[in-house]
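Here's the structure we're looking at; comments come further down.
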Protein chains: 2
Amino acid sequence: MGRHISPCENMAGEGCGLKRVLDLIGGKWKILILCVIYAEGTVRYGELRRRVYGITNTMLAHSLREMERDGLVERHQFDEMPVRVEYSLTASAGSMIPILLELKRWGEEHLEHEGLPS
Amino acid sequence: MGRHISPCENMAGEGCGLKRVLDLIGGKWKILILCVIYAEGTVRYGELRRRVYGITNTMLAHSLREMERDGLVERHQFDEMPVRVEYSLTASAGSMIPILLELKRWGEEHLEHEGLPS
DNA sequence: CCGTATCCCTGGCGATACTG
DNA sequence: CAGTATCGCCAGGGATACGG
(Lines give C-alpha, C1' and ligand atoms only; values in the text may rest on other atoms or scores of the structure.)
Protein backbone atom coordinates (compact mmCIF):
# COMPACT_ATOMS: atom_id res chain seq x y z
CA MET A 1 0.00 0.00 0.00
CA GLY A 2 1.04 3.49 -0.60
CA ARG A 3 2.10 2.76 -4.13
CA HIS A 4 -1.45 2.63 -5.34
CA ILE A 5 -3.66 5.45 -6.18
CA SER A 6 -7.00 4.89 -4.56
CA PRO A 7 -9.01 2.39 -6.57
CA CYS A 8 -11.76 4.97 -6.68
CA GLU A 9 -9.56 7.43 -8.55
CA ASN A 10 -11.00 7.95 -12.00
CA MET A 11 -8.26 6.58 -14.20
CA ALA A 12 -10.16 5.62 -17.31
CA GLY A 13 -13.70 6.68 -16.57
CA GLU A 14 -16.12 8.40 -18.84
CA GLY A 15 -14.70 11.89 -18.86
CA CYS A 16 -11.18 11.06 -17.71
CA GLY A 17 -8.49 13.63 -18.45
CA LEU A 18 -6.54 10.99 -20.28
CA LYS A 19 -9.39 10.22 -22.61
CA ARG A 20 -9.89 13.90 -23.35
CA VAL A 21 -6.21 14.36 -24.19
CA LEU A 22 -6.28 11.36 -26.45
CA ASP A 23 -9.25 12.84 -28.26
CA LEU A 24 -7.11 15.91 -28.94
CA ILE A 25 -3.82 14.37 -29.98
CA GLY A 26 -4.76 10.78 -30.72
CA GLY A 27 -4.56 9.29 -34.16
CA LYS A 28 -1.59 8.60 -36.30
CA TRP A 29 -0.06 12.02 -36.87
CA LYS A 30 -0.82 14.81 -34.43
CA ILE A 31 1.83 14.08 -31.83
CA LEU A 32 4.47 13.88 -34.53
CA ILE A 33 3.32 17.13 -36.09
CA LEU A 34 3.38 18.92 -32.76
CA CYS A 35 6.92 17.79 -32.07
CA VAL A 36 8.16 18.87 -35.46
CA ILE A 37 6.61 22.31 -35.16
CA TYR A 38 8.23 22.60 -31.76
CA ALA A 39 11.63 21.55 -33.08
CA GLU A 40 11.47 24.09 -35.85
CA GLY A 41 9.88 26.84 -33.83
CA THR A 42 8.04 28.03 -36.90
CA VAL A 43 7.50 25.99 -40.03
CA ARG A 44 6.08 26.42 -43.43
CA TYR A 45 3.53 23.92 -44.65
CA GLY A 46 5.81 22.29 -47.20
CA GLU A 47 8.68 21.97 -44.77
CA LEU A 48 6.35 20.34 -42.28
CA ARG A 49 5.23 17.82 -44.83
CA ARG A 50 8.80 16.89 -45.61
CA ARG A 51 9.72 16.54 -41.96
CA VAL A 52 6.84 14.32 -40.90
CA TYR A 53 7.90 11.12 -42.56
CA GLY A 54 5.20 9.47 -44.63
CA ILE A 55 2.37 11.92 -44.06
CA THR A 56 0.09 12.76 -46.95
CA ASN A 57 -1.20 16.11 -48.00
CA THR A 58 -4.70 15.25 -46.95
CA MET A 59 -3.80 14.16 -43.46
CA LEU A 60 -1.42 17.02 -42.78
CA ALA A 61 -3.94 19.66 -43.82
CA HIS A 62 -6.73 17.93 -41.97
CA SER A 63 -4.73 17.49 -38.78
CA LEU A 64 -3.61 21.11 -38.86
CA ARG A 65 -7.19 22.34 -39.24
CA GLU A 66 -8.31 20.33 -36.24
CA MET A 67 -5.39 21.36 -34.09
CA GLU A 68 -5.93 24.97 -34.99
CA ARG A 69 -9.57 24.64 -34.01
CA ASP A 70 -8.53 23.00 -30.75
CA GLY A 71 -6.10 25.75 -29.86
CA LEU A 72 -2.90 23.79 -30.31
CA VAL A 73 -1.39 25.45 -33.37
CA GLU A 74 -1.47 28.90 -34.89
CA ARG A 75 -1.58 29.62 -38.57
CA HIS A 76 -0.04 32.76 -40.04
CA GLN A 77 -0.62 33.53 -43.66
CA PHE A 78 1.55 35.96 -45.61
CA ASP A 79 -0.03 37.12 -48.80
CA GLU A 80 3.11 37.29 -50.81
CA MET A 81 3.51 35.78 -54.20
CA PRO A 82 3.54 32.88 -53.96
CA VAL A 83 1.65 32.70 -50.71
CA ARG A 84 3.53 31.64 -47.60
CA VAL A 85 1.97 30.04 -44.53
CA GLU A 86 3.72 29.42 -41.26
CA TYR A 87 2.65 27.29 -38.34
CA SER A 88 3.67 27.56 -34.72
CA LEU A 89 2.55 26.16 -31.39
CA THR A 90 0.22 27.91 -28.97
CA ALA A 91 1.34 28.28 -25.37
CA SER A 92 -1.04 25.53 -24.45
CA ALA A 93 0.50 23.06 -26.85
CA GLY A 94 3.94 24.23 -25.79
CA SER A 95 3.21 23.16 -22.26
CA MET A 96 2.48 19.65 -23.48
CA ILE A 97 5.72 19.32 -25.43
CA PRO A 98 7.96 18.29 -22.50
CA ILE A 99 5.66 15.35 -21.91
CA LEU A 100 5.81 14.28 -25.52
CA LEU A 101 9.59 14.58 -25.54
CA GLU A 102 9.76 12.33 -22.50
CA LEU A 103 7.69 9.80 -24.39
CA LYS A 104 10.11 10.05 -27.27
CA ARG A 105 13.05 9.52 -24.92
CA TRP A 106 11.32 6.53 -23.36
CA GLY A 107 11.00 4.98 -26.77
CA GLU A 108 14.62 5.59 -27.60
CA GLU A 109 15.77 4.05 -24.34
CA HIS A 110 13.47 1.06 -24.20
CA LEU A 111 12.92 0.15 -27.81
CA GLU A 112 15.66 -1.04 -30.08
CA HIS A 113 15.12 -0.18 -33.65
CA GLU A 114 14.87 -3.38 -35.44
CA GLY A 115 13.58 -4.47 -38.74
CA LEU A 116 11.53 -7.58 -38.83
CA PRO A 117 13.44 -10.42 -37.21
CA SER A 118 14.12 -12.76 -40.11
CA MET B 1 18.01 30.39 -31.45
CA GLY B 2 18.73 28.30 -28.47
CA ARG B 3 15.15 27.36 -27.96
CA HIS B 4 15.11 25.12 -30.97
CA ILE B 5 16.39 21.65 -31.26
CA SER B 6 18.54 21.40 -34.33
CA PRO B 7 16.35 21.13 -37.42
CA CYS B 8 18.29 18.00 -38.27
CA GLU B 9 17.16 16.25 -35.12
CA ASN B 10 15.01 13.30 -36.09
CA MET B 11 11.66 14.30 -34.64
CA ALA B 12 9.27 12.37 -36.82
CA GLY B 13 11.51 10.45 -39.17
CA GLU B 14 11.18 6.89 -40.28
CA GLY B 15 12.30 5.08 -37.14
CA CYS B 16 11.71 7.87 -34.66
CA GLY B 17 11.40 6.89 -31.00
CA LEU B 18 8.06 8.61 -30.89
CA LYS B 19 6.69 6.56 -33.74
CA ARG B 20 7.89 3.37 -32.12
CA VAL B 21 6.22 4.23 -28.83
CA LEU B 22 3.00 5.05 -30.59
CA ASP B 23 3.13 1.66 -32.28
CA LEU B 24 3.25 0.10 -28.82
CA ILE B 25 0.63 2.10 -26.97
CA GLY B 26 -1.30 3.78 -29.74
CA GLY B 27 -4.91 3.00 -30.48
CA LYS B 28 -7.97 3.64 -28.45
CA TRP B 29 -7.39 1.63 -25.28
CA LYS B 30 -3.86 0.69 -24.31
CA ILE B 31 -2.87 3.83 -22.45
CA LEU B 32 -6.05 3.67 -20.43
CA ILE B 33 -5.52 0.01 -19.62
CA LEU B 34 -1.96 0.64 -18.50
CA CYS B 35 -3.03 3.41 -16.17
CA VAL B 36 -5.79 1.34 -14.62
CA ILE B 37 -3.47 -1.58 -13.99
CA TYR B 38 -1.04 0.82 -12.39
CA ALA B 39 -3.70 2.36 -10.20
CA GLU B 40 -4.83 -1.02 -8.97
CA GLY B 41 -1.38 -2.56 -8.74
CA THR B 42 -2.79 -5.92 -9.66
CA VAL B 43 -6.14 -6.48 -11.31
CA ARG B 44 -8.33 -9.30 -12.34
CA TYR B 45 -9.66 -9.36 -15.86
CA GLY B 46 -13.24 -8.62 -14.92
CA GLU B 47 -12.30 -5.74 -12.67
CA LEU B 48 -10.22 -4.27 -15.46
CA ARG B 49 -13.12 -4.45 -17.84
CA ARG B 50 -15.32 -2.62 -15.40
CA ARG B 51 -12.75 0.09 -14.75
CA VAL B 52 -11.94 0.91 -18.35
CA TYR B 53 -15.10 2.69 -19.30
CA GLY B 54 -16.70 1.50 -22.50
CA ILE B 55 -14.22 -1.18 -23.48
CA THR B 56 -15.50 -4.39 -24.97
CA ASN B 57 -14.43 -7.91 -24.20
CA THR B 58 -12.81 -8.30 -27.57
CA MET B 59 -10.71 -5.20 -27.35
CA LEU B 60 -9.61 -5.74 -23.77
CA ALA B 61 -8.45 -9.29 -24.42
CA HIS B 62 -6.80 -8.31 -27.66
CA SER B 63 -4.99 -5.34 -26.17
CA LEU B 64 -3.79 -7.37 -23.21
CA ARG B 65 -2.35 -10.06 -25.44
CA GLU B 66 -0.44 -7.56 -27.50
CA MET B 67 0.88 -5.77 -24.47
CA GLU B 68 1.95 -9.04 -22.93
CA ARG B 69 3.78 -9.93 -26.12
CA ASP B 70 5.41 -6.48 -26.09
CA GLY B 71 6.61 -6.83 -22.52
CA LEU B 72 4.31 -4.27 -20.97
CA VAL B 73 2.02 -6.41 -18.85
CA GLU B 74 2.33 -9.71 -17.05
CA ARG B 75 -0.38 -12.30 -16.82
CA HIS B 76 -0.70 -14.62 -13.84
CA GLN B 77 -3.18 -17.41 -14.01
CA PHE B 78 -4.41 -19.21 -10.90
CA ASP B 79 -6.03 -22.52 -11.64
CA GLU B 80 -8.63 -22.31 -8.99
CA MET B 81 -12.25 -22.94 -9.55
CA PRO B 82 -13.39 -20.82 -11.14
CA VAL B 83 -10.16 -19.72 -12.75
CA ARG B 84 -8.65 -16.40 -11.68
CA VAL B 85 -6.32 -14.27 -13.81
CA GLU B 86 -4.43 -11.24 -12.60
CA TYR B 87 -2.61 -8.62 -14.59
CA SER B 88 0.23 -6.36 -13.50
CA LEU B 89 2.71 -4.03 -15.14
CA THR B 90 6.26 -4.98 -16.05
CA ALA B 91 9.08 -2.75 -14.83
CA SER B 92 9.36 -1.37 -18.33
CA ALA B 93 5.75 -0.29 -18.47
CA GLY B 94 6.06 1.04 -14.94
CA SER B 95 8.76 3.42 -16.08
CA MET B 96 6.38 4.86 -18.64
CA ILE B 97 3.58 5.48 -16.18
CA PRO B 98 4.83 8.83 -14.82
CA ILE B 99 4.74 10.18 -18.36
CA LEU B 100 1.19 8.99 -18.90
CA LEU B 101 0.10 10.48 -15.59
CA GLU B 102 1.58 13.81 -16.63
CA LEU B 103 -0.48 13.59 -19.79
CA LYS B 104 -3.56 12.91 -17.72
CA ARG B 105 -2.78 15.91 -15.51
CA TRP B 106 -2.28 18.08 -18.56
CA GLY B 107 -5.71 17.12 -19.75
CA GLU B 108 -7.29 17.87 -16.43
CA GLU B 109 -5.64 21.28 -16.24
CA HIS B 110 -6.14 22.42 -19.81
CA LEU B 111 -9.39 20.80 -20.86
CA GLU B 112 -12.67 21.59 -19.26
CA HIS B 113 -15.12 18.80 -19.40
CA GLU B 114 -17.89 19.99 -21.48
CA GLY B 115 -20.65 18.36 -23.34
CA LEU B 116 -21.43 19.66 -26.76
CA PRO B 117 -22.00 23.38 -26.67
CA SER B 118 -25.66 23.62 -27.58
C1' DC C 1 -14.67 -16.54 -14.65
C1' DC C 2 -11.89 -15.63 -18.53
C1' DG C 3 -11.62 -15.40 -22.42
C1' DT C 4 -11.84 -16.82 -28.17
C1' DA C 5 -14.32 -17.06 -32.76
C1' DT C 6 -16.99 -14.72 -36.10
C1' DC C 7 -18.93 -11.51 -38.51
C1' DC C 8 -19.60 -6.82 -39.64
C1' DC C 9 -19.23 -1.94 -40.14
C1' DT C 10 -17.54 2.63 -39.54
C1' DG C 11 -14.37 6.25 -40.15
C1' DG C 12 -9.45 7.05 -40.27
C1' DC C 13 -6.48 7.24 -43.61
C1' DG C 14 -4.51 7.40 -48.29
C1' DA C 15 -4.15 8.36 -53.66
C1' DT C 16 -5.11 11.22 -57.03
C1' DA C 17 -6.59 15.17 -59.21
C1' DC C 18 -7.41 19.76 -59.14
C1' DT C 19 -7.65 25.19 -57.53
C1' DG C 20 -6.55 30.20 -55.60
C1' DC D 1 3.05 27.31 -52.62
C1' DA D 2 -0.58 25.74 -49.93
C1' DG D 3 -3.88 23.66 -49.80
C1' DT D 4 -9.24 21.38 -51.12
C1' DA D 5 -12.29 17.81 -53.41
C1' DT D 6 -13.35 13.07 -54.26
C1' DC D 7 -13.27 8.56 -53.99
C1' DG D 8 -12.34 4.25 -51.95
C1' DC D 9 -9.81 0.92 -49.03
C1' DC D 10 -9.19 -1.68 -45.16
C1' DA D 11 -7.86 -2.37 -40.51
C1' DG D 12 -9.32 -1.03 -36.04
C1' DG D 13 -12.83 -1.59 -33.47
C1' DG D 14 -17.59 -3.46 -31.89
C1' DA D 15 -21.69 -7.06 -31.17
C1' DT D 16 -22.79 -11.38 -30.47
C1' DA D 17 -22.28 -16.06 -29.52
C1' DC D 18 -19.75 -19.72 -27.89
C1' DG D 19 -15.80 -22.61 -25.35
C1' DG D 20 -12.36 -24.20 -21.35
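In what follows, chains carry the letters A, B, and so on, assigned in the order in which the sequence lines appear, proteins first and then strands, with residues in each chain numbered from 1.
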Item to complete: Would you sort out whether C35(B) and K104(B) count as a side-chain contact (heavy atoms from CB on, under 4.5 Å), showing the intermediate values?
Response: CA-CA 10 Å; C35(B) 285; K104(B) 175 175 160 67; 5.8 Å; no
Given [options], the nucleotide with the shortest approach to the side chain of [X]:
X: Y45(B); options: dA2(D), dC2(C), dG14(C); answer: dC2(C)
X: T56(B); options: dA15(D), dC2(C), dT4(D); answer: dA15(D)
X: P82(A); options: dC1(C), dG3(D), dC1(D); answer: dC1(D)

Worksheet item: Between R44(A) and dC1(D), does any side-chain N or O lie under 4.0 Å from OP1 or OP2?
Response: no
Worksheet item: Does K28(B) put a side-chain nitrogen or oxygen below 4.0 Å from OP1 or OP2 of dG12(C)?
Response: no
Without decimals, in angstroms, what is the distance between [X] [atom1] and [N] [atom2]?
X: L48(A); N: dG3(D); atom1: CG; atom2: P; result: 10 Å
X: W29(B); N: dG13(D); atom1: CH2; atom2: C1'; result: 9 Å
X: R75(A); N: dA2(D); atom1: CZ; atom2: C1'; result: 8 Å
X: E47(B); N: dC2(C); atom1: CD; atom2: P; result: 10 Å
X: E68(B); N: dG3(C); atom1: CD; atom2: P; result: 9 Å
X: I55(A); N: dC13(C); atom1: CD1; atom2: C1'; result: 10 Å
X: M59(A); N: dT4(D); atom1: CE; atom2: P; result: 13 Å
X: R65(B); N: dA5(C); atom1: CZ; atom2: C1'; result: 11 Å

Practice prompt. With DNA chain C as reference, determine whether T58(A) or V83(A) sits nearer its 5' end, using the nearest nucleotide of each.
Written response: T58(A)
Practice prompt. Specify the residue among H62(B) and R50(B) whose closest nucleotide of DNA chain C lies further upstream toward the 5′ end.
Written response: R50(B)
Practice prompt. Let me know which of E109(B), E108(B), E102(B) forms a salt bridge (Lys or Arg N to Asp or Glu O under 4.0 Å) with R105(B).
Written response: E109(B)
Worksheet item: Going by an N to O cut-off under 4.0 Å, is there a salt bridge joining E47(B) and R44(B)?
Response: no
Item to complete: Inspect the contact between E86(A) and R75(A) and indicate whether a charged nitrogen and a carboxylate oxygen are less than 4.0 angstrom apart.
Response: no
Worksheet item: When we call it a touch if two heavy atoms are under 4.0 Å apart, what does F78(A) touch: a base, just sugar-phosphate, or nothing?
Response: nothing
Item to complete: Report which part of the nucleic acid R49(A) touches: base, sugar-phosphate, or nothing (heavy-atom distance under 4.0 Å, all strands).
Response: nothing
Response to the item:
In this structure, CG of L64(A) is separated from CH2 of W29(A) (nearest 0.5 Å) by 12.5 Å
Worksheet entry | Check: N57(A) and R49(A) side chains under 4.5 Å, non-hydrogen atoms | yes
Worksheet entry | 4.5 Å side-chain heavy-atom contact, L111(A) and W106(A) | yes
Worksheet, complete the sentence: Overall bend of the helix from dC1(C)-dG20(D) to dG20(C)-dC1(D) (five pairs an end, 10° steps) is 50°
